[in-house]
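Single-structure report; data block below.
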Protein chains: 2
Amino acid sequence: MKNKVNRSGCPISSMLDIFGDKWSLLIIRDMVFSDKNTYGDFLKSDEKIATNILAARLLTLEESGVIQKLEHPGSKAKVLYMLTEKGIDLLPVLLEIQFWADKHLTVLPEIKVFLKEAKKDREKFIKTLSRQLKGRLSSTGNGK
Amino acid sequence: MKNKVNRSGCPISSMLDIFGDKWSLLIIRDMVFSDKNTYGDFLKSDEKIATNILAARLLTLEESGVIQKLEHPGSKAKVLYMLTEKGIDLLPVLLEIQFWADKHLTVLPEIKVFLKEAKKDREKFIKTLSRQLKGRLSSTGNGK
DNA sequence: AAATTTGCTTGCGAATTGCAAGTGCAAATG
DNA sequence: CATTTGCACTTGCAATTCGCAAGCAAATTT
């Protein structure tokens with residue numbers, strides 16, 4: 001859980017020191033909303049991240065303590081990437097980004113339906129999904 | 001209000017197409033929380049943005065419709081940068097980022113106090129500050 | 001045993017970043 | 001009213017980062 005830069009004491013700036021690029025948050029998105037958890041999974045996402053960029057981002061995300069590498073239960077050739085609690089706690093940020101995009105950008109109808117649902121009871125949605133994600137966490141022996 | 005890229009139909013990805021760098025959100029932060037509204041104001045912020053980068057970001061933010069350029073009431077030499085409604089609506093995103101940072105990163109005590117206050121009644125805080133920001137908007141003749 | 005999958009690493013040209021200096025107009029100053 | 005200062009940028013250029021393509025070793029499948 002390394003702390004590299006830190007342009008200022010501002011929390012937004014500090015958050016951007018980790019996530020201020022076009023890819024890092026998408027990896028978290030895939031883990032939160034699409035249950036992706038291997039290198040190959042992330043490579044396959046719609047935005048087509050380059051393999052070297054993916055490797056670099058996974059490393060910094062791990063160094064920042066938002067994800068962790070674990071041995072994959074199904075195969076030694078695979079690596080299991082999991083969110084830490086720090087990573088799971090980004091869910092409200094991801095949700096608000098989507099609510100904003102839903103209002104001000106072009107969003108696919110299927111996603112609009114999902115967001116409408118999530119917005120209906122925001123707190124409960126966050127609590128339920130967070131619990132679910134943190135549940136998986138504790139079953140790895142790394143839960144708090 | 002230009003639409004340049006669009007890596008996928010995902011709302012998070014689309015938001016990152018605009019804000020996926022280390023500077024854009026900081027400009028919005030300065031406008032929302034520090035009442036900054038001139039080129040010089042933004043240059044002076046703690047993170048020391050380079051002048052060419054600032055000019056480039058202001059342009060894309062304007063093209064994305066989150067800020068607008070207006071003539072400065074006090075001086076012709078100055079330019080007044082203002083948030084649009086689209087920009088003001090980023091407040092919940094900025095808040096959640098800060099709540100996350102408050103929990104998981106190192107944050108200055110004064111800011112922790114501010115965030116504690118904001119969190120106490122999140123909805124009211126957002127409504128009040130949004131109204132305030134949108135109020136300024138309508139006094140420029142560009143309010144909806 | 002050979003082919004394929006998986007998680008990377010390496011090379012390299014292209015694009016972006018960031019520092020420093022410069023430019024043109026407006027406003028303040030002497 | 002001539003000159004300096006302030007303001008909002010632009011330009012040049014070196015350094016870093018990005019992104020495509022290829023390569024690679026270990027594990028797994030056929």
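To find a chain, count down the sequence lines: A is the first, B the second, and so on, and within it residues start at 1.
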Start at the 5' end of DNA chain D and walk down; is the nucleotide closest to A/W23 or to A/K78 reached first? A/W23
Separation of C/dA20 C1' from B/K48 NZ (nearest whole Å): 16 Å
A/Y39 side-chain proximity, nearest of C/dT9, D/dC20, C/dG18: C/dT9
Could you tell me the separation between the CD1 atom of B/I53 and the C1' atom of D/dA14, rounded to a whole number of Å? 14 Å
Indicate whether OP1 or OP2 belonging to C/dC8 is found under 4.0 Å from a side-chain N or O atom of A/K69. yes
Pairing of A/E47 and A/R29 as salt bridge, 4.0 angstrom limit: yes
Between A/S45 (side chain only) and A/F42 (backbone N and O only), is there a donor and an acceptor less than 3.5 Å apart? yes
Thinking salt bridges, do A/D21 and A/R57 make one under a 4.0 Å N-O criterion? yes
N/O (side chain, A/R57) to phosphate O (OP1/OP2, C/dC8) under 4.0 Å: no
Specify the separation, in whole Å, of atom NZ of A/K44 and atom C1' of C/dC8. 15 Å
5'-most contact on DNA chain D (nearest-nucleotide basis), A/A77 vs B/L80, goes to B/L80
C/dG18, D/dA27, D/dC18: which one has an atom nearest the side-chain heavy atoms of A/K76? D/dA27
Using atom CD1 of A/I27 as one end and atom C1' of C/dC8 as the other, report the distance to the nearest whole Å. 14 Å
I need the CD1-C1' distance between A/I49 and C/dC8, as an integer number of Å. 13 Å
Kindly point out which of D/dA21, C/dC19, D/dA8 is positioned nearest to the side chain of B/N52? C/dC19
Rounded to whole angstroms, how far apart are CG on B/L54 and P on D/dC9? 8 Å
Distance in angstrom units between B/D41 CG and D/dG6 P, rounded: 15 Å
Have a look at B/Y81 and say if it touches a base, only the backbone sugar-phosphate, or nothing, with a 4.0 Å heavy-atom cut-off. sugar-phosphate
Is atom NZ of B/K112 surrounded by more than 12 heavy atoms (other residues, nucleotides or ligands) closer than 6.0 Å? yes
Between D/dT10 (P) and B/L43 (CG): distance, integer Å: 13 Å
I'd like to know if B/D46 pairs up with A/R7 as an ion pair, taking the criterion as any Lys NZ or Arg NE/NH1/NH2 lying under 4.0 Å from an Asp or Glu carboxylate oxygen. no
If you check the B/S75 side chain, which of D/dC20, C/dT9, C/dA27 turns out closest? C/dA27
